[in-house]
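Okay, structure first, notes after.
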Amino acid sequence: MKKLALNRYFVLTMATLFLSSMLWAQGDKSKRPSPPATATGKIGEATITIDYSSPAVKGRQIWGSLVPYDKVWRTGANEATIFQTDKDIKVEGKTLKAGKYSLYTIPGKDDWVFIFNSQTGQWGIKDEAGTTTEDPAKDVLRVTVKPEKSETFNERMKFVVGEKGFALEWENLKMPVSVK
């Protein structure tokens with residue numbers, strides 16, 4: 001009887017440890033197929049920080065396929081991308097107040113729209129069809145930019161913050177956004 005109780009205790013302990021390790025692994029975002037990344041930099045007096053999840057090309061057709069044209073995209077993977085500025089800035093000549101925003105885009109063949117949305121903390125999509133969590137009523141700013149061919153192939157999506165603005169770079173495209 002005592003041996004049976006010890007065996008049960010051992011099995012329950014091992015099951016608990018196994019489940020705990022599974023939950024711990026789920027919480028480790030760096031283990032995701034699209035790991036978290038951060039781009040930060042100074043533009044004038046403002047500090048810009050972009051927190052996003054970085055998907056990889058993995059041999060897939062990205063533009064117009066995995067990421068459809070003319071449809072709101074969460075601009076990355078997993079949670080909605082967060083754009084933060086500690087000072088008021090001008091994005092493509094339009095004022096964006098200091099604050100934290102979800103950043104969405106509408107990719108197009110000739111133009112891209114960058115959307116700064118006041119709702120933050122949400123998952124990037126709400127269904128298997130890829131419908132985003134972007135609520136147009138909470139859009140603070142929309143700007144249009146022209147995509148460019150990137151200088152190098154980028155396997156992973158990335159943001160770069162420089163003196164003149166920021167850019168989204170992935171696969172063979174670069175979407176520069178001017179900031180002052």
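Worth knowing before you read on, the calculation uses all heavy atoms, side chains too, and leaves out hydrogens, waters and symmetry mates. This chain uses plain numbering: 1 for the first residue, then up along the sequence.
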Hphob cluster co-occupancy, [X] + [Y], side-chain heavy atoms under 4.5 angstrom:
X	Y	answer
Ile62	Trp112	yes
Leu168	Val72	no
Ile115	Ile48	no
Ile106	Ile50	no
Leu66	Phe153	yes

### Query
What do the steps show when you test Asn172 against Ser150 for side chain to side chain donor-acceptor pair (under 3.5 Å), and what is the final call?
CA-CA 5 Å; Asn172 59 358; Ser150 60; 5.9 Å; no
For [Y], does its backbone N or O pair with a side-chain atom of [X] as donor and acceptor, under 3.5 Å?
X	Y	result
Asp139	Leu141	no
Thr105	Pro107	no
Glu92	Ser178	yes
Ser54	Ala37	no
Gln84	Thr49	no
Asp110	Lys146	no
Asp86	Thr47	yes
Asn154	Arg156	no

Say you draw a straight line from [atom1] of [X] to [atom2] of [Y]; how long is it, rounded to the nearest 0.5 Å?
X	Y	atom1	atom2	result
Lys87	Glu45	NZ	CD	7.0 Å
Lys94	Phe116	NZ	CZ	10.5 Å
Leu173	Lys149	CG	NZ	7.5 Å
Tyr101	Leu96	OH	CG	4.0 Å

Judged by modelled atom types alone, do [X] and [Y] share a side-chain donor-acceptor pair under 3.5 Å?
X	Y	value
Thr95	Lys90	yes
Asn78	Ser53	yes
Asp111	Thr144	no
Ser102	Thr120	no

Within a strict 4.5 Å, meaning less than it, do heavy atoms of the [X] and [Y] side chains meet?
X	Y	value
Glu148	Pro176	yes
Lys100	Ile82	yes
Val140	Asn117	no
Phe159	Thr75	yes

### Query
Excluding sequence neighbours, so at least two apart, what forms salt bridge (Lys or Arg N to Asp or Glu O under 4.0 Å) with Asp88?
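Salt bridge (Lys or Arg N to Asp or Glu O under 4.0 Å) list for Asp88, sorted by chain: Lys97.
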## Note on the structure
So the ring-ring contact (aromatic ring centres under 6.0 Å, His included) pairs with at least one residue in residues 160-180 (sequence neighbours excluded) are Trp63-Trp170, Phe83-Phe166, Phe114-Phe166
### Worked check of side-chain contact (heavy atoms from CB on, under 4.5 Å) between Lys164 and Lys180
CA-CA 7 Å; Lys164 296 181 179 182; Lys180 294 181 183 179; over 6 Å; no
### Message
With salt bridge (Lys or Arg N to Asp or Glu O under 4.0 Å) as the rule and sequence neighbours excluded, what pairs involving residues 166-176 come up?
### Response
Lys158-Glu169
### Task
Looking only at non-hydrogen atoms, find the nearest pair between Gln61 and Ser65 and report the distance.
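The pair with the smallest heavy-atom distance is O-CB, 3.4 Å.
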### Task
Locate the shortest heavy-atom distance separating Tyr104 from Gln122; write the atom from each residue and the value.
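Heavy atoms only, the tightest pair is OH-NE2, 2.7 Å.
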### Task
Determine, stepwise, if the pair Thr40 / Val161 fulfils side-chain contact (heavy atoms from CB on, under 4.5 Å).
CA-CA 6 Å; Thr40 190; Val161 179; 5.8 Å; no
### Message
Salt bridge check, Arg142 against Glu134: does any charged N sit closer than 4.0 Å to a carboxylate O?
### Response
yes
